[in-house]
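Everything on this sheet refers to the single structure shown next.
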Amino acid sequence: LAAPGCGDEQGDSSAGAGAATGVGAGTGDLAPDFELEKVCGGRLRLADLRGQAVIVEFWDTWCPPCRRALPHLQELHDEYGDQLTVVGVAFGRDGRETVARFLSERNLTFPCVFIDDRYETARAYGGVQSLPTTFLIDREGVIREIWVGGHEKQVYATAVQHLLGG
């Protein structure tokens, strides 16, 4: 995998309806499962979060749009409690210790994992060509929104509210 880009591109946020067509990285697809090492220790498996909405954010510490978007996602994680879990997937280009320090200094408490060494998870999610790349996944594990680049909180919040029926 080539080094990911870091840009402010507008996202593809077309929310599909209906049943998943199969495992893939597009809206309407069943989100690829992963099991990755958590920054705080232990492992996180995406399938274990079924039954609640999930935001999966691919990011890194050096990425300015990521730095702007992550606090918004923390707010949503806090506001929606057990209905929504945000999972950060850190590329960790500057090292694992840098990621842990970054999260601590910014009081980012949502679950965060490290990308796998072979980038198989990134490939499963369409290659993740730019950071941040963010996926909103429904309670059944289906991808409902995809955003490329950082966005204001309201963009994420509107999609989450729609997904949760509020």
Side-chain angles (χ1 to χ4, degrees), residues 1 4 11-60 66 69-92 96 99-100 103 107-151 153-166:
L1 179 72
D12 166 16
S13 63
S14 54
T21 59
V23 175
T27 55
D29 290 337
L30 189 61
D33 193 18
F34 58 77
E35 184 176 335
L36 297 170
E37 180 183 349
K38 292 177 8 182
V39 172
C40 62
R43 298 189 66 79
L44 182 141
R45 184 169 172 242
L46 181 63
D48 291 343
L49 300 175
R50 287 275 170 82
Q52 60 188 299
V54 179
I55 290 177
V56 175
E57 167 98 339
F58 290 88
W59 69 282
D60 210 345
C66 300
L70 289 169
H72 301 317
L73 298 179
Q74 178 67 52
E75 291 174 17
L76 291 172
H77 181 75
D78 294 343
E79 289 170 21
Y80 287 95
D82 61 357
Q83 296 181 75
L84 173 73
T85 296
V86 174
V87 176
V89 181
F91 275 70
R96 290 176 175 231
V99 171
L103 294 170
N107 295 313
L108 299 173
T109 62
F110 55 81
C112 192
V113 297
F114 294 111
I115 193 76
D116 53 286
D117 292 338
R118 298 182 64 201
Y119 298 100
E120 291 171 3
T121 303
R123 278 196 293 279
Y125 279 82
V128 185
Q129 298 299 309
S130 294
L131 296 180
T133 296
T134 309
F135 295 82
L136 176 61
I137 302 167
D138 71 16
R139 293 177 175 112
E140 288 77 40
V142 177
I143 297 170
R144 295 299 176 193
E145 296 277 349
I146 303 169
W147 297 282
V148 178
H151 297 279
K153 178 185 174 187
Q154 193 56 43
V155 172
Y156 304 116
T158 298
V160 168
Q161 290 165 359
H162 177 74
L163 182 68
L164 295 177

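Listed for the D60 side chain is no donor-acceptor partner under 3.5 Å among the backbone atoms of A90. With hydrogens and angles disregarded, no donor-acceptor distance shorter than 3.5 Å links the side chain of Q83 to the backbone of A53. At distances below 3.5 Å, not a single donor-acceptor pair connects side-chain atoms of E120 with backbone N or O atoms of R118. Of the possible polar contacts, one joining the R43 side chain to the E35 backbone as a donor-acceptor pair under 3.5 Å is found.
Closest non-hydrogen pair, W59 versus E57, comes out as CD1-O, 3.3 Å. The shortest heavy-atom contact between E145 and A159 is CG-CB, 3.9 Å. Between Q52 and L84, the shortest heavy-atom contact is OE1-C, 4.0 Å. Residues R96 and F114 approach most closely at NH1-CD1, 3.3 Å, considering heavy atoms. Between A124 and A25, the shortest heavy-atom contact is O-CB, 3.6 Å. Residue D29 comes nearest to V23 through the heavy atom pair CB-C, 4.4 Å, listed as atom of the first residue, atom of the second, then distance.
Taking CZ from F110 and CG from L70, the interatomic distance works out to 5.0 Å, rounded to the nearest 0.5 Å. In this structure, OG1 in T121 is found 4.0 Å from CG in L36, a value given to the nearest 0.5 Å. Note that the CD1 atom of I137 and the CG atom of L49 stand 9.0 Å from one another [nearest 0.5 Å].
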Handout entry: Full working for side-chain contact (heavy atoms from CB on, under 4.5 Å) between V128 and F91
Key = CA-CA 11 Å; V128 185; F91 275 70; 4.1 Å; yes
Exercise for the section: Before giving the answer on side-chain contact (heavy atoms from CB on, under 4.5 Å), spell out for F34 and I115 the whole-Å C-alpha distance, their side-chain angles and the decisive distance to 0.1 Å. Expected result: CA-CA 10 Å; F34 58 77; I115 193 76; over 6 Å; no
Exercise for the section: With side-chain contact (heavy atoms from CB on, under 4.5 Å) as the test, would you mind laying out the steps for T85 and H77 before giving the verdict? Expected result: CA-CA 6 Å; T85 296; H77 181 75; 4.3 Å; yes
Practice task
Determine, stepwise, if the pair Q74 / T109 fulfils side-chain contact (heavy atoms from CB on, under 4.5 Å).
Solution key: CA-CA 7 Å; Q74 178 67 52; T109 62; 2.9 Å; yes
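Between Y125 and F58, the ring planes are tilted. Angles from 30° to 60° get that label. Using cut-offs of 30° and 60° on the angle between ring planes, the pair Y156 and H72 is tilted.
Only one option out of V54, L163, T27, I143 pairs with L136 in a side chain to side chain contact (heavy atoms under 4.5 Å, CB included); it is L163.
With sequence neighbours excluded, the residues satisfying side chain to side chain contact (heavy atoms under 4.5 Å, CB included) with D48 are R45.
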